[in-house]
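Scroll down for the structure; my scribbles are underneath it.
Heavy-atom basis, side chains included; hydrogens, waters and symmetry copies ignored. So you know, we letter chains A, B, ... as the sequences are listed, proteins then strands, and number each from 1.
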2 protein chains.
Amino acid sequence: MEKLENYYNQIKNSPVFFGMNDEELKGLLECFNARVRRYEKDEMIIRQGDLISNIYLILKGEVNIEKDSYWGRRIIIARLGKNDNLALSFVGSKNVESNIDAVTVSDTLVLVLGYEKCTSMCQNACTRHKILINNLFQILSKENIELIQKIENVSQKTIRDKLLTYLSNEAQKKHSNSFEIQFNRQDLADYLNVDRSAMSFELSKLQKEGLIEYNKNKFELKS
Amino acid sequence: MEKLENYYNQIKNSPVFFGMNDEELKGLLECFNARVRRYEKDEMIIRQGDLISNIYLILKGEVNIEKDSYWGRRIIIARLGKNDNLALSFVGSKNVESNIDAVTVSDTLVLVLGYEKCTSMCQNACTRHKILINNLFQILSKENIELIQKIENVSQKTIRDKLLTYLSNEAQKKHSNSFEIQFNRQDLADYLNVDRSAMSFELSKLQKEGLIEYNKNKFELKS
DNA sequence: ACATTTCTGTTGTTTATACAACAAAAAATA
DNA sequence: TATTTTTTGTTGTATAAACAACAGAAATGT
């Protein structure tokens, strides 16, 4: 069993609790009945159809937001990591079932917060709750922008354009033409919605043409 | 010049101001320096690169959320209408430039609210602001879920699957197998990221096979 | 160090889509 | 009503991607 205390500092500095003092944070964690849960690789934290009433904060590890298409093809919507939240939007939209799976990519620790119970108790009256909802609003905003960017990535017509758009966006995020990506080839293909082998082929073509250089997960944009 | 008063009831019942009494709403509208703005068909309300500090509420008309791809292809991310908000996520993420265009599809009236100014004034202290931020959180949640659904639609492999996924999702939204869609053929193609003529062809094939029936914008799912 | 599994790149073939060009229908305008 | 413009459907062709099958490299486990 993992102890919450071990992660206290990390929690305190996470976007969810940003701007709170120790007193507010401790009160909130208690009110939320906060607990740490451990998942192994390839476990499902959330399934399509689940009704979500908890806020999940990733303390350690990586999680895929996925969807299985009608005939079993996997769609990766996003890859989340440390300090990211899971399925916040389903907490905000009450009584809406999850339309995604959250699947661990590696061993993962998650902070689980009983959002529903807490909000009904304190009626949004306390200061800490006011800070919290402000933070949640900002977090969702960011998620929204990320989703739009993902739509841009997958909406390109050719594999080449998808790759170039994705890589440019990553470079911009990392503020450098040289960066590591979070996906392996198969996952990147599922994220961009293309065939892995065709994508591999296109990657090496881009390298031969001198547009990019890469080695494993390390990429560099030339030009 | 359009008068705000003419739309007062609609504004009062919009999701942004849901749950407020008249006093709170009036105070907020004043604090926001609320004003109605008119746009003609094909005008741009928001451009890529804009810094957004206003909340936009559509009172009348329709608006496309679009993105122009590198080589001039148009991507329609969403079609918004009455009581929808524009670019809320850019208000939530401060100092982030818009990565989308908002373009009117028809003559449109928009309520513009100076969010920045208001929040700095009342420091989130007043009740009405608390209700507001709660509402905004919920609205963003819904937007988020819609974006995920859009990703599902465009992530299908074939035109046929994109169409079937899109139409099923619409049927579910409208709670009926018979429904109207908001797009004309070209716009639907830009939304699903496919060639219009190929899509038209696939539509008639689906009709011949008896899977769907349609006439102009009216569709029916058979099975 | 070896065996096994996972990951990545390469190639040929089949299939689906984009693209272009056009015709018919519908809508808008004079 | 006639004319013009916009929208939609149809077809053939060129192109790009999916798929399958495989080989080598890298990572993992024993």
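- For the pair Lys216(B) and dA25(C), the criterion of a side-chain N or O lying under 4.0 Å from OP1 or OP2 is not met.
- For Lys205(B) and dG9(D), the shortest distance from a side-chain N or O to OP1 or OP2 is not below 4.0 Å.
- Between Tyr166(A) and Phe183(A), the ring-plane angle classifies as tilted under the 30° and 60° cut-offs.
- Relative to the six-membered ring of Tyr8(A), Lys26(A) meets both conditions, a distance below 6.0 Å and an angle of at most 45° to the axis.
- Within a 6.0 Å radius of CZ in Phe201(A), no more than 12 heavy atoms belonging to other residues, nucleotides or ligands are found.
- Contacts of Asn193(A) with the nucleic acid, taken as non-hydrogen atoms under 4.0 Å apart, involve only primed sugar atoms and P, OP1 or OP2.
- In this structure, Lys218(B) atom NZ and dT8(D) atom C1' are separated by 19 Å, rounded to whole Å.
- Cation-pi contact between Lys150(A) and Tyr191(A): present, with separation from the ring centre below 6.0 Å and deviation from the ring axis of at most 45°.
- Among the protein residues, Asp195(B) comes within range of the nucleic acid bases, having at least one heavy atom under 4.0 Å from a base atom.
- Rounded to a whole Å, the CD1 atom of Ile159(A) is 13 Å from the C1' atom of dT17(C).
- Annotation: of the two residues near DNA chain C, Asn217(A) and Lys157(A), the 5′-most nearest-nucleotide partner is Asn217(A).
- In this structure, Lys41(B) atom NZ and dT5(D) atom P are separated by 16 Å, rounded to whole Å.
- The nearest whole Å value for the distance from the CZ atom in Arg196(A) to the P atom in dC19(D) is 12 Å.
- Between dT10(D) and Ser204(B), a contact under 4.0 Å exists linking OP1 or OP2 to a side-chain N or O.
- Checking the phosphate oxygens (OP1, OP2) of dG9(D), a side-chain nitrogen or oxygen of Arg185(B) falls inside 4.0 Å.
- No donor-acceptor distance shorter than 3.5 angstrom exists from the side chain of Asn193(A) to the backbone of Ala189(A), with no hydrogens or angles considered.
- Counting to the nearest Å, the C1' atom of dG9(D) and the CD1 atom of Ile212(B) are 13 Å from each other.
- The distance between atom CG of Leu188(B) and atom P of dT8(D), rounded to the nearest whole Å, is 10 Å.
- Two residues, Ser197(A) and Thr158(A), neighbour DNA chain D, and the one matched to the more 5' nucleotide by heavy-atom proximity is Thr158(A).
- A straight line from CD of Gln156(A) to C1' of dT17(C) spans 16 Å, rounded to a whole angstrom.
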